[in-house]
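Note that these values count all heavy atoms, side chains included, but never hydrogens, waters or copies made by symmetry. In what follows, chains are A, B, ... by sequence order, proteins preceding strands, each numbered from 1.
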Amino acid sequence: MKLDLIGDWFRTHYSVDVTPSMDGEEVTLFGWVREIRDLGGIRFLILQDREGTIQVTILRKEVGSEVSSKSDILQKRYSIGVKGTVKKTEMTPRGVEVVPKEIKVLATATPQLPIDIAGKTPAKLDVRLDARALDLSQEKNIAIFKIQHTALNAIRVFLFEKGFIEVHTPRIIASATEGGAALFSFDYFKRKAFLAQSPQLYKEQLVMSLEKVFEVGPFFRAEESHTRIHSSEFVSIDIEQAFADAEEVMKLLEWLTQYVCETVVGRCQKELSTLKHKIKVPEVPFRRLTYDEVLHNLKRENIEVPWGEDIPTTALRTLGKIHPYFFFITDWPTHCKAFYIKPRDDNPTICEGFDLMWSWIELVSGGTRIATKELLIKRLGEKGLNPESFRHHLQAFDYGMPPHAGWAIGLGRLTMMLTGKRNIREVTLYPRDKFRLTP
RNA sequence: GCCCUGGUAGUAUAGUCCGGUCUAGUAUUAGCGGCUGUCGCCCGCUGGACCCGGGUUCAAAUCCCGGCCAGGGCGCCA
C-alpha cells in the first residue's frame, strides 16, 4: 500500500486541545487509529495521540469520496494525519468531534495486534513486555511514564533550588565499588571492566569540589534476585552533600518526598484517575524508628530477629502493615550497612545509616559517610574488601574530604508508589532481569 | 539458586482434581457481509489453540518423568 507523505502538514493541536469552543475551526491532527466503529453510513474513528483521544466522524454522504475511500482502508494502529473542522456536539463524551476534509495514511499496522490496545481483554505482563513498543501506547502506560516524568522533574526542580549540581559519573568502572552486589563484567580494550552498580564513590569524591551533587541514571546489578521490586538495570537518583550529616539529608529527603507527592497530585490528576490511583501527600517529619524499635515492634508480632541481623522481607512486610506509609529506620548495626557508612562516634556498633521505607519496600537508603581514610580502610577490612582495589578512591581522602552525607532513591520503586503498580517491570520502559534481555 | 502455582486460538479464559461425552466451550481480536450517532456499538457468517520431549494406557488437554517459560514468594541484593 502506498503511504501518504506528511508534506507541508504540521500539527496544530493535540487531541485534548480540541475543545467545543473551537467549533468551526480547522485543525490538523496526527496520531494513531485506536478504534473504528463503522455503522454503515456513518463511521467513527478514535484518533489517539500522546495526550489523549478525539473522535473523527465520517458521514459517508457528506465527506468527499476521497476521504470516504481513504477511511475504508484504515485499521487499528494505522498512523494518520487528519485535517478537518471542529464540530461542537452533544453526542460525544468530550463535546466535540472532528469532521475530516483530508486524511493521510502515514503508516500501516499488522491487522492482528499482539495485545488489545483498547483494553477489553487485558494481556498479561509478560505478553505485554514482549510487545512493549505497542504496549506503551496504551493510555495507562502513557499515564505511568508521565507521572514518572513529572516526579523526576519535581525532583530536579527541588534539588536545583537547594543548590545541588547535576553530575554524570562513569558507568564503566575498573573494580567493584561497594562489594556485596554482583557486577556485570565485559571486555574493555582487552581489559576486564564492570558496569557500575552505584555512583557511590564518585559522588563522594565530588563533594570535595562541587559540594552538593545529584545524579539520575541507570545502574546495574547482576543479582539472582527475581522479585517484583528488583531489576538488573534500574534508575537511581543519588545525592551527596558536603558538610552535612544523616539528619540533614533525611530532612531534605522527607521534604523532597512530600514535594514530589504534592506536585504529582497537583499536575497529574488525569493520569492518576486513568490509573485509578490516589496519592496521599505525607506530612513531615516522617516517623523515625530505630533499628531497636523495629525489633521490638516485630517481637510484639511474634517475629524474632536477632540483634545484628538484617531484617528479612517477611518481617518487613509485617512492619509495613504496622506502618503503612513512609517511615525511616535509623541506628542500624554498623555491619548491616555498606563499608562507607559512618559508625556512630559514641557507639561504633551502630551507624548513621538510614532507610526510608514505603510500607515494606525500601525506597531510599543513605547515611552519613565516613570521611577519614584510616576509618574507611578499617571498615573495608572488616567487610572483607581489599583496600588496594580502592586505591584511587582512598587517595581522594588525602586532599581534604569534608564530612558528608547522601542517599539514593530507586526511581522504579518511587514510581510504583506514585502509580499504584505492584511490579517494577510495569513502571520500567524496557525492563531487564535475569530472564529478560529483550526487547 | 530454592519453594509454590501455572502454561489451552492474536489476547483472555472454561475444561485438568476423577483419562473416553473435547469433533476442545466462551469472550474479544482477525477476515467477509449488513447497519446514519457509536462510544466495551450491534447483527450474521468464516477462520484460529491444548508449551516442548519422552512415558503409562485400548484411549491423554487431562496421569507420570524431564526440559523450557511465566507469576508469586524466599534467599541473595539497596
Engineer: Does A/F164 have A/K212 sitting over its ring (NZ/CZ under 6.0 Å from centre, angle to axis within 45°)?
Structural biologist: yes

Engineer: Tell me: CG of A/D126 to C1' of B/G72, nearest whole Å?
Structural biologist: 14 Å

Engineer: Once ring-ring contact (aromatic ring centres under 6.0 Å, His included) is applied, what residue pairs with a partner in residues 287-323 of chain A remain, sequence neighbours excluded?
Structural biologist: A/Y291-A/W307, A/Y291-A/W332, A/H323-A/F327

Engineer: Would you say A/T227's side chain and A/I229's backbone share a donor-acceptor pair under 3.5 angstrom?
Structural biologist: yes

Engineer: Only one of A/C336, A/S365, A/C351 passes side chain to side chain contact (heavy atoms under 4.5 Å, CB included) with A/I341; say which it is.
Structural biologist: A/C351

Engineer: Determine the Euclidean distance between corresponding C1' atoms of B/A78 and B/C18; express it in Å to zero decimal places.
Structural biologist: 50 Å

Engineer: Looking at the side chain of A/P312, which of B/C77, B/G75, B/U29 is the nearest nucleotide?
Structural biologist: B/G75

Engineer: Take the protein atom CZ of A/R34 and the nucleotide atom C1' of B/C41, then report the distance between them rounded to whole Å.
Structural biologist: 15 Å

Engineer: In whole angstrom, give the distance that lies between atom CH2 of A/W332 and atom P of B/C77.
Structural biologist: 13 Å

Engineer: Write down the distance separating the C1' atoms in B/U46 and B/C2, rounded off to the nearest Å.
Structural biologist: 49 Å

Engineer: For RNA chain B, whose closest nucleotide is more 5', that of A/T314 or that of A/K434?
Structural biologist: A/K434

Engineer: CD1 of A/I424 versus P of B/G71: gap in Å, rounded?
Structural biologist: 14 Å

Engineer: Paired with B/A14: which nucleotide, if any, by Watson-Crick or G-U wobble criteria at under 3.5 Å for both distances?
Structural biologist: none

Engineer: Roughly how many Å apart are B/G20 and B/A61, using the C1' atom of each and rounding to a whole number?
Structural biologist: 13 Å

Engineer: Among residues at least two apart in sequence or on other chains, which ones pass salt bridge (charged side-chain N to carboxylate O under 4.0 Å, His left out) with A/K120?
Structural biologist: none

Engineer: Please state the C1' separation for the pair B/A14 and B/G25 - nearest whole angstrom.
Structural biologist: 6 Å

Engineer: Searching all strands shown, indicate the nucleotide that pairs with B/U21 (Watson-Crick or G-U wobble; both distances under 3.5 Å).
Structural biologist: none

Engineer: Roughly how many Å apart are B/G67 and B/G73, using the P atom of each and rounding to a whole number?
Structural biologist: 24 Å

Engineer: Is the base of B/A30 touched by the side chain of A/K76 through a donor-acceptor pair closer than 3.5 angstrom?
Structural biologist: no

Engineer: Distances under 3.5 Å between protein N/O atoms and the N/O atoms of nucleotides 34-37 of chain B, please, pair by pair.
Structural biologist:
{"unit_1": "B/C35", "atom_1": "N1", "unit_2": "A/L39", "atom_2": "O", "d": "3.4"}
{"unit_1": "B/C35", "atom_1": "N3", "unit_2": "A/D38", "atom_2": "O", "d": "3.1"}
{"unit_1": "B/C35", "atom_1": "N4", "unit_2": "A/D38", "atom_2": "O", "d": "3.0"}
{"unit_1": "B/U36", "atom_1": "OP2", "unit_2": "A/G41", "atom_2": "N", "d": "2.7"}
{"unit_1": "B/G37", "atom_1": "N1", "unit_2": "A/E97", "atom_2": "OE1", "d": "3.3"}
{"unit_1": "B/G37", "atom_1": "N1", "unit_2": "A/E97", "atom_2": "OE2", "d": "3.2"}
{"unit_1": "B/G37", "atom_1": "N2", "unit_2": "A/E97", "atom_2": "OE1", "d": "2.7"}

Engineer: In whole angstroms, how far is the C1' atom of B/C69 from the CG atom of A/L125?
Structural biologist: 14 Å

Engineer: Name the pairing partner of B/C63, where a pair is Watson-Crick or G-U wobble with both distances under 3.5 Å, or state none.
Structural biologist: B/G55

Engineer: For nucleotides 7-10 of chain B, tabulate all protein N/O to nucleotide N/O atom pairs closer than 3.5 Å, reporting atom names and distance.
Structural biologist:
{"unit_1": "B/G10", "atom_1": "O2'", "unit_2": "A/L113", "atom_2": "O", "d": "3.3"}
{"unit_1": "B/G10", "atom_1": "O2'", "unit_2": "A/P114", "atom_2": "O", "d": "3.3"}
{"unit_1": "B/G10", "atom_1": "N9", "unit_2": "A/Q112", "atom_2": "NE2", "d": "3.3"}

Engineer: Return yes if some donor-acceptor pair links the side-chain N/O of A/K383 with the main-chain N/O of A/H335 below 3.5 Å, else return no.
Structural biologist: yes

Engineer: Sort out the partner of B/C2 for me: Watson-Crick or G-U wobble, both distances under 3.5 Å, none otherwise.
Structural biologist: B/G73

Engineer: Between B/G67 atom C1' and A/F435 atom CZ, what is the distance in whole Å?
Structural biologist: 14 Å

Engineer: How far does the P atom of B/C32 sit from the matching atom of B/G37, given to the nearest Å?
Structural biologist: 23 Å

Engineer: What residues, two or more places apart in sequence or in another chain, satisfy salt bridge (charged side-chain N to carboxylate O under 4.0 Å, His left out) together with A/R94?
Structural biologist: none

Engineer: Mind checking the P distance from B/C68 to B/A49? Whole angstroms is fine.
Structural biologist: 27 Å

Engineer: Now, which nucleotide makes the Watson-Crick or G-U wobble pair with B/C42, with each of the two distances under 3.5 Å?
Structural biologist: B/G34

Engineer: NA contact type, A/A123, heavy-atom cut-off 4.0 Å: base, sugar-phosphate, or nothing?
Structural biologist: sugar-phosphate

Engineer: Looking for any heavy atom pair under 4.0 Å, which part of the strands does A/S365 touch: base, sugar-phosphate only, or nothing?
Structural biologist: base

Engineer: How is A/R228 classified with respect to the nucleic acid when contacts are heavy atoms under 4.0 Å: base, sugar-phosphate, or nothing?
Structural biologist: sugar-phosphate

Engineer: In whole Å, what is the span from the CD atom of A/E426 to the C1' atom of B/A70?
Structural biologist: 14 Å

Engineer: Under a 3.5 Å limit for both distances, which nucleotide forms a Watson-Crick or G-U wobble pair with B/A9, could you say?
Structural biologist: none

Engineer: Using the salt bridge (charged side-chain N to carboxylate O under 4.0 Å, His left out) rule, pick out the option among A/R288, A/R413, A/K337 that qualifies with A/D355.
Structural biologist: A/K337

Engineer: Counting heavy atoms not belonging to A/R287, are there more than 12 under 6.0 Å from its CZ?
Structural biologist: no

Engineer: Report the residues that fulfil salt bridge (charged side-chain N to carboxylate O under 4.0 Å, His left out) with A/K378, sequence neighbours left out, ordered by chain and then residue number.
Structural biologist: A/E382

Engineer: Once you round it to whole Å, what is the distance between P of B/A12 and CZ of A/R128?
Structural biologist: 10 Å

Engineer: Mind checking the C1' distance from B/C65 to B/A9? Whole angstroms is fine.
Structural biologist: 28 Å

Engineer: Closest heavy-atom contact between A/P20 and A/G95?
Structural biologist: CG-O, 3.7 Å

